[in-house]
Amino acid sequence: MHIVVCIKQVPDSAQIRVHPVTNTIMRQGVPAIVNPYDLYALEEALRLKDQYGGRVTVLTMGPPMAEAALRKAISYGADDAVLVTDRVFAGSDTLATSYALASAISQISKDMPVDLVFTGKQTIDGDTAQVGPGVAKRLDMQLLTYVSKVRSLDTENDEIVVERRSEGGVQVLKTSTPCLITVLEGNNEMRFATMANMFRASRYPVKIWNKDEAGIEDVTKTGLKGSPTVVSKVFAPTPRAVKAEIIQCESNEPGDLSVTLLAKMFNKHPKLEKEIAKRAV
Amino acid sequence: MAEKFDVIVVGAGPSGNSAAYTLAKAGLSVLQIERGESPGSKNVQGAILYSDALERMIPDFRDDAPLERHIIEQRMWVLDDESYIGSHYRSDAFNKEPYNRYTMIRSQFDKWFSERVKAAGALVICETTVSHLLLDGERVIGVMTDRQGGEIYADAVILADGVNSLLAKKAGFHPELQPKDVALAVKEIHFMPQELIEQRFNVKGTEGVVIEMVGKITKGMMGTGFLYTNSESVTIGVGCMLSDFKKQGTTPYALLEEMKAHPAIKPLIQGGEMKEYTAHLIPEGGYNAMPPIYGEGWMIVGDAGMFVNAVHREGSNLAMTTGMHAAETLIELKNEGKAFSAANLKRYQAKLDESFVMKDMKKYKNMPDVFHSNPQFFNDYPEMLSNAARTMLTVDGVDKKSKEREIRGTFRRRRSLFGLLGDTFKLWRAFE
Ligand SMILES: Cc1cc2nc3c(=O)[nH]c(=O)nc-3n(C[C@H](O)[C@H](O)[C@H](O)COP(=O)(O)OP(=O)(O)OC[C@H]3O[C@@H](n4cnc5c(N)ncnc54)[C@H](O)[C@@H]3O)c2cc1C
C-alpha cells in the first residue's frame with residue numbers, strides 16, 4: 001500500500017501581525033510551520049502504515065525553504081519526501097496547484113502505485129479547501145472530505161471505510177481505492193518522533209523536482225498564467241469595538257474569584273441565573 | 001543500534017554553536033541537540049553583538065548575518081524618579097568599517113549561526129531535550145534524550161545548555177544555583193517605523209544607539225536597565241538579582257512598566273507597537289560562583305559555566321569564546337591521539353586563563369559582593385547626583401559657592417563622609 005500525503009508550509013497565522021501604518025500583512029520574522037490539518041492527515045496515514053504496512057510519501061509544492069516541512073514529516077515517520085519547486089509555479093492559485101500536485105503524484109506512482117492520497121481539510125493561510133478535491137478530480141479518484149478517522153482498510157478488495165463529520169452527526173462511508181481523503185482533527189494528534197527518526201530526518205536527502213521531473217506537460221496551466229483567481233483586495237478587519245472589562249475582586253482566592261465572576265455574569269443575564277437555578281434542583 | 005559521535009554539544013545558543021561550528025569545521029563528527037523548535041527560538045538577549053569573538057571564527061560573518069544596527073553612540077544614564085544625569089559618547093570613529101558592535105535579534109541570529117554550523121558538517125537536531133548525561137563511573141559517555149530510543153554516545157559532551165544547567169546539576173558537577181548569583185531580566189521589543197527611530201535617536205542608515213541605565217528604576221535592587229535601537233524596533237528591558245526581587249516582593253514586569261513610564265524613557269518608546277515580551281535569567285555570580293568547567297569527558301561553556309561579565313554587560317562573547325576554546329582543546333587532543341580525560345581537558349582551563357575571559361572574570365570577582373551589601377549605589381547616589389546637578393543648574397540668585405556647600409552638605413547628611421570614602425574605596429578595590 002502506498003499513501004501520498006500532500007502538505008504545505010504556511011506562516012504561523014497565530015503570529016502574523018498587521019503593519020500599524022500601512023495596514024498590510026507583515027510576514028517578516030513569522031515562523032513557518034506545517035499546516036496543522038496536514039499533520040492530522042499525516043498522522044492518519046502513519047497509523048494506516050503501522051497497521052497495514054506499506055509506504056508513506058509526503059509531497060509539497062513550494063519554495064525551496066518548504067524542504068523543512070518535509071523533513072519534519074520524515075521525522076514523524078514518513079518514508080519519502082518530494083519537494084516540487086520551480087519558478088514557473090510562482091503565483092499558483094488552487095487550480096494551478098492541484099494541477100502541479102496531480103502531475104507529481106502521477107510521477108510518484110510510476111515508482112509504486114498510489115492507493116491513497118491524503119490532504120488536510122484546508123490550509124490556515126488560504127482557507128479554500130479546494131486543492132484536495134482538485135487533485136482528486138484531476139487524478140480521477142474517489143473523494144472523501146472532512147474525514148476525522150479511517151476505520152478500516154481492505155487491501156484485498158481495495159475498499160476503505162471512514163468516518164466523515166457532517167452537520168448533526170458522523171457519517172460512516174465506504175468507498176473503493178484509489179481515493180483522496182481530506183482530513184480534519186479527530187483523535188489523530190501527531191505522534192512524538194523517535195530518536196531514530198530524528199536522525200533519519202536530519203540526514204534524509206529530500207527529492208527536489210523541477211517542473212519536468214514533476215511531469216508538468218502544459219506550463220500554461222501552472223503559476224500565474226494558470227491561475228484564474230483574482231484577489232481584488234486584502235484588508236485587515238477592524239478590531240472589535242467591545243473592550244475587555246476588568247473585574248475587581250476582594251482577594252485572589254479561587255472561591256472569591258468565581259463568586260465575583262458569577263455575580264457579575266448573573267447581574268448581566270438574570271435569565272441565565274434563573275435557568276441554571278432551575279436545573280440545579 | 002545507538003549512534004556514536006566524537007562530540008555531542010547540548011544547546012544551540014552562541015556557546016554551543018561556536019563549539020559545534022569549530023569542531024565540525026575541523027572534521028570531527030558532531031551532534032548538536034537543541035530543545036527549542038529551532039535554534040534561538042527560546043533564547044533571550046538584549047542584544048549587543050560584540051564582533052571580535054565571532055570574527056575569530058567566522059571572519060566573513062558580516063556578509064549574511066542578520067545584524068540590526070552598528071552602534072555609534074553609547075549613553076550611560078543615572079536616573080532618579082524624574083531626571084537622569086549621565087554621559088553620551090558618540091563618535092564618527094564608530095562609523096568606520098569593520099564595525100565593532102551591533103544590535104541584533106537573537107532568534108534570527110541563532111538561526112543564522114546554526115545554518116553555518118550545519119554547513120560546516122555538524123548534525124543538528126532540534127525539538128529534543130537532553131534529559132541527563134550517560135555516565136560510566138565518573139566518565140561521561142553520552143546523553144539521554146526525551147525521545148524513544150534516546151541514548152546517544154560520544155567521546156566528549158559539551159554542556160552549552162545555558163544558565164541554570166540542569167544537566168550539570170543532575171550529574172553533580174555543581175550545586176543548586178543561588179538566587180544571589182542570578183539576575184532575572186525582562187525585555188520587550190517595540191516595533192516602530194525606521195524613520196521614527198532615525199529622528200528620535202538622531203541616526204541614519206544602520207547607525208544605532210545604546211542606553212545603559214542605573215538608578216532608582218531598580219528601586220534599590222542590584223540591577224540595570226537598557227534600551228537598544230534595532231532596524232525597525234527598540235528593545236527595552238531591566239534586570240535585577242533574583243535574591244533582590246525576592247526580598248522586595250516586586251515583580252520584574254511591574255518594574256519594567258514603571259521604567260517605561262519614566263519621563264526620560266517614555267518619549268523614546270512612544271508610538272511603538274509591543275511585539276514580544278520575554279524573561280530570562282543571567283548568571284551574574286561572577287568568578288567566585290563559577291562551577292568546575294571540565295571533567296572526565298565533559299566540558300561546560302557559556303552561561304552554564306557562569307561566564308558573564310555583568311559590569312560590562314558581556315555574555316554572548318564569553319559564550320562564543322569559551323565554546324571555541326573548548327572545541328579547540330578537543331581538536332588538539334584528537335590530533336595528538338589523546339583521550340578526552342580530565343587530565344587532558346585541563347588544557348581548556350589553561351586556554352581560558354590566557355584569554356580575556358578569565359582575566360575579566362577575575363578582575364571583577366568582588367563586584368557582586370560589593371553591590372549586594374551596598375544598595376546605596378542604586379538608590380541614594382542617583383538621587384544625590386541628580387539633586388547636585390539640579391542645584392547647580394537652577395539660576396535663583398544663590399551664589400555658586402553656597403550651592404557647592406549645600407551639595408556637599410546633602411552628600412554628607414545622606415551617606416556621611418566616612419560612608420562616601422568607604423564606598424569609593426570599595427568600588428576602587430572591586431574594579432582593581
Ligand atoms: C535580557 C538579557 C540581555 C542580555 N544582553 C546581552 C548583551 O547585550 N550582550 C551580550 O553579549 N550578552 C547579553 N546577555 C547574555 C547572553 O544572552 C548570554 O550570555 C548568552 O546567551 C549565553 O549563551 P549560551 O549559549 O551559553 O546560552 P543560551 O543562549 O541560553 O543557550 C542555551 C541553549 O541550550 C538549550 N538547552 C538548554 N537545556 C537543554 C537541554 N537539556 N537539552 C537541549 N537543549 C537545551 C536552550 O534551549 C538554549 O538554546 C543578555 C542576557 C539577557 C537575559
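Numbered from 1 within each chain, the chains take letters A, B, ... in sequence-line order.
- Counting heavy-atom neighbours within 6.0 Å of B:Lys111 NZ, excluding the residue itself, gives a total of 12 or less.
- For the set B:Lys118, B:Gln148, B:Glu151, the count of heavy-atom pairs under 4.5 angstrom toward chain A peaks at B:Gln148.
- Crowding of B:Lys4 atom NZ: a count of heavy atoms from other residues, nucleotides or ligands under 6.0 Å exceeding 12.
- Checked against salt bridge (Lys or Arg N to Asp or Glu O under 4.0 Å), B:Asp6 has the following partners two or more places apart in sequence or in another chain: B:Lys334.
- Residue A:Asn252 qualifies as open at atom CG: its count of foreign heavy atoms under 6.0 Å is 12 or below.
- In this structure, the separation between CD1 on B:Ile125 and CZ on A:Arg203 is 7.5 Å, given to the nearest 0.5 Å.
- Among residues two or more places apart in sequence or in another chain, the ring pair (Phe, Tyr, Trp, His ring centres under 6.0 Å) test is passed with B:Tyr253 by B:Tyr277.
- Looking at B:Leu31, the atoms closer than 4.5 Å to chain A (heavy atoms on both sides) all sit in the side chain, from C-beta outward.
- Atom NZ of B:Lys260 has more than 12 neighbouring heavy atoms from other residues, nucleotides or ligands inside a 6.0 Å radius.
- Atom CD in B:Glu37 sits 5.0 Å away from atom NZ in A:Lys72 (nearest 0.5 Å).
- Qualifying salt bridge (Lys or Arg N to Asp or Glu O under 4.0 Å) partners for A:Glu163, counting only residues two or more places apart in sequence or in other chains: A:Arg151.
- Interface with chain B: from residues 187-195 of chain A, residues A:Phe192, A:Ala193, A:Thr194, A:Met195 qualify, criterion being any non-hydrogen pair under 4.5 Å.
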